[in-house]
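This report refers to the structure that appears directly beneath it.
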Amino acid sequence: MSHHDNSDTLSRPVNFIRNIIDDDLASHKHDHVHTRFPPEPNGYLHIGHAKSICLNFGLAQDYQGECNLRFDDTNPSKEEVEYIEAIKKDVAWLGFEWSGEPKFSSNYFDQFYGYAVELIEKGLAYVCFLNAEETRAYRGSLTEAGKDSPYRDTSPEENLALFSKMKNGDFKEGECVLRAKIDMASSFMCLRDPALYRVRFEHHHQTGDAWCIYPMYDFAHCISDAIEGITHSLCTLEFQDNRRLYDWVLDHLEDFNRPDRPHQYEFSRLNLEYTVMSKRKLHQLVDDNLVSGWDDPRMPTISGLRRRGYTPASLRDFAERIGISKVDSMTGMDILEASVRDDLNKVAPRSMAVLDPVKVVIENFEGEPLSIQAPVHPQNEAMGKREIFFGRELYIDRADFLEVAPNGKYQRLALDKEVRLRNAFIIKALRVEKDEAGKITTIYASYDPETLGKKPADGRKVKGVIHFVEASHALPAVFRLYDRLFTVENPVKEPDFEAVINTESLVVKQGFVEVGLANSEPEKAYQFEREGYFCRDNQSGDVQVYNRTVALRDTWSKK
RNA sequence: AGGGCUGUAGCCAAGUGGUAAGGCAUCUGGUUUUGAUCCAGUGUACCGCAGGUUCGAAUCCUGCCAGCCCUGCCA
């Protein structure tokens, strides 16, 4: 696939899953690698899924194998086609190509049914009429064995008939389930005769009304993997116990009880500071209108990150930087931000934008604004030039002017002090005009006409550089500055995570951008010099609205 | 009568008996028309703790401690 440049072919990541694969290949347990990314279409993908996507698809790329996209759609009551489309879009946007057509667990409903019949015939599954509470009581506890269901010893013949009736809709929802007959005393709770099928009179987005019984995850997932020839089935840590059931099912089915059948391996899920990562919580934020939607730029969803200005390359790089392990960890935002900055610094055209404008009048400049050719990228000449203007009236940012410089280290504009205007001339502030409230309305200044593209001939040092926009060419723009969504590192630890939401996570500013941005594309990254990386919002239409992806690294304001 | 996992610098993470990679962050210089980038430096990590085996232990053994997961007809 296309995103691999020579820099990352030099050093492949090292992790325990790659070690397992290397061993499996060396021992000829498998002669190829086939992974899968198996989301349930019950919500939008988030950056934790991106980690899994990069792992699964990345492994397939590096080992010249394949990776399937499979929708794990065994519970129609929670799923919607809207999510299927969004998931496909997000995976493709991240730069990955799934093997063949997208797969659905529901493609295999007939086969699942057949395998359930096989287990029944072997006396390994039975139809149980205990209700939910009874089942719970019979299950026992973490420290006490469970009790056998009274339906556990029904004959295979009778179970076959019962299961057939389940399928035909002869039983009500909740009236019975098909259960595996394993061990009610197992220390693995999931092995205490787990449910394999339940009755659900529900319309399914793929199979319509063809079924009224639906398989459970633990029964469907391992068989789906086996049917698709998956070699390494990767999931997160909370499924470690379930692996015993995964193995039990495949071990007891004639078609799959082979050494090269799929095996499950678990890695730790991504936890990011100052955000939440569960679909349920994300759903809640959307439903409670605490964010504007799944793609709110503050959301850790892939669609939110995309709208915020994150690039596919930066997310892949992030996944590589954090690695894969089994440690229950909390990753800092700084790694994510470093990943975007590294990518954007290379690819983002430079531009100038004034987010909080104050007018500057250059008193010794007369006539029409002057056209200036400025580099699109200071370290990459191949990116070409852009036209900017300098004239009698300009805007600079309020934060770049102080009437009196606080100390010798101050590098911005002050009265009687010189500063370089980025890509243009050196100016000196002369005096200010204020309104009744004492707020500065205009700064009067002079410019040195001999300093365009040159240092002052007399050798005087002008250290500071600030950005500006020429007033007659300035395009009004709205800037949305984002901050972390929560005020605490781990919101999930709070009694009510919504109570610690950061009320200042969005700040809106009105200012100007340079002319060159008139036709800026949504989601395309720009660096507004000295301000950060921004992209035009993908839903604002003709209005100039920019989302700040991330600010520039700042090693100075902390001092 | 519980079981399954995990503990390596502030954070992430290699390491699989031979003397602790790398990234992020931090700090210090240098370059710079972005206080950015870039470049060069910058860390006493009781390798969770305590014992043991060994010429040699983060790696093997024993015992503790801490954190996470498991009692859905969710995934």
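Residue numbers start from 1 in every chain, and the chains themselves are labelled A, B, ... in the order their sequence lines are given, proteins ahead of strands. This one's a predicted model, so the numbers in the text were calculated from it and none came from an experiment.
In terms of phosphate contacts, A:Arg244 brings a side-chain nitrogen or oxygen within less than 4.0 Å of OP1 or OP2 of B:rC5. For the OP1/OP2 pair of B:rA14 and a distance below 4.0 Å, the side-chain nitrogens and oxygens of A:Arg12 include no atom meeting the criterion. Contact annotation: A:Arg321 does not reach the phosphate of B:rA13 (side-chain N/O to OP1 or OP2, under 4.0 Å). For A:Ser186, no side-chain nitrogen or oxygen approaches OP1 or OP2 of B:rG3 to under 4.0 Å. Put simply, A:Ser325 has a side-chain N or O that comes within less than 4.0 Å of OP1 or OP2 on B:rA13.
In this structure, A:Leu344 places its CG atom 17 Å from P of B:rA36, rounding to the nearest Å.
Residue-level contact check: A:Ile322 touches the backbone only, with heavy atoms under 4.0 Å from sugar-phosphate atoms and none from bases. Residue contacts for A:Glu273: at a heavy-atom cut-off of 4.0 Å it reaches no nucleic acid atom on any strand shown. Looking at heavy-atom distances under 4.0 Å, A:Gly453 makes contact with a base. Residue A:Ile324 is classed as a sugar-phosphate contact, given heavy-atom separations below 4.0 Å to backbone atoms only. Residue A:Lys409 is in base contact, counting any heavy-atom pair closer than 4.0 Å across all strands shown. Residue A:Ile372 is classed as having no contact, given no heavy-atom separation below 4.0 Å to the nucleic acid.
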*Could you write nucleotides 64-75 of chain B as a row of B, S and -, 5' to 3', where a protein heavy atom under 4.0 Å of any base atom gives B, of only sugar-phosphate atoms gives S, and otherwise -?*
----SSBBSBBB

Can you give the donor-acceptor pairs under 3.5 Å from side chains of residues 325-333 of chain A to other protein atoms, not counting sequence neighbours?
from	atom 1	to	atom 2	distance (Å)
A:Ser325	OG	A:Val327	N	3.2

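For a distance-only test at 3.5 Å, the side chain of A:Glu337 fails to qualify as a donor-acceptor partner of the base of B:rA25.
A side chain to side chain donor-acceptor pair (under 3.5 Å) with A:Tyr108 is found for exactly one of A:Arg70, A:Glu228, A:Lys103, namely A:Glu228. Each of A:Arg36, A:Glu266, A:His263 was compared with A:Ser233 under the side chain to side chain donor-acceptor pair (under 3.5 Å) criterion, and only A:Arg36 meets it.
The aromatic rings of A:Phe163 and A:Tyr113 sit parallel, their planes meeting at an angle under 30°, below the 60° perpendicular limit.
Relative to the ring axis of A:Tyr447, A:Lys428 does not place its NZ or CZ within 45° and under 6.0 Å from the centre.
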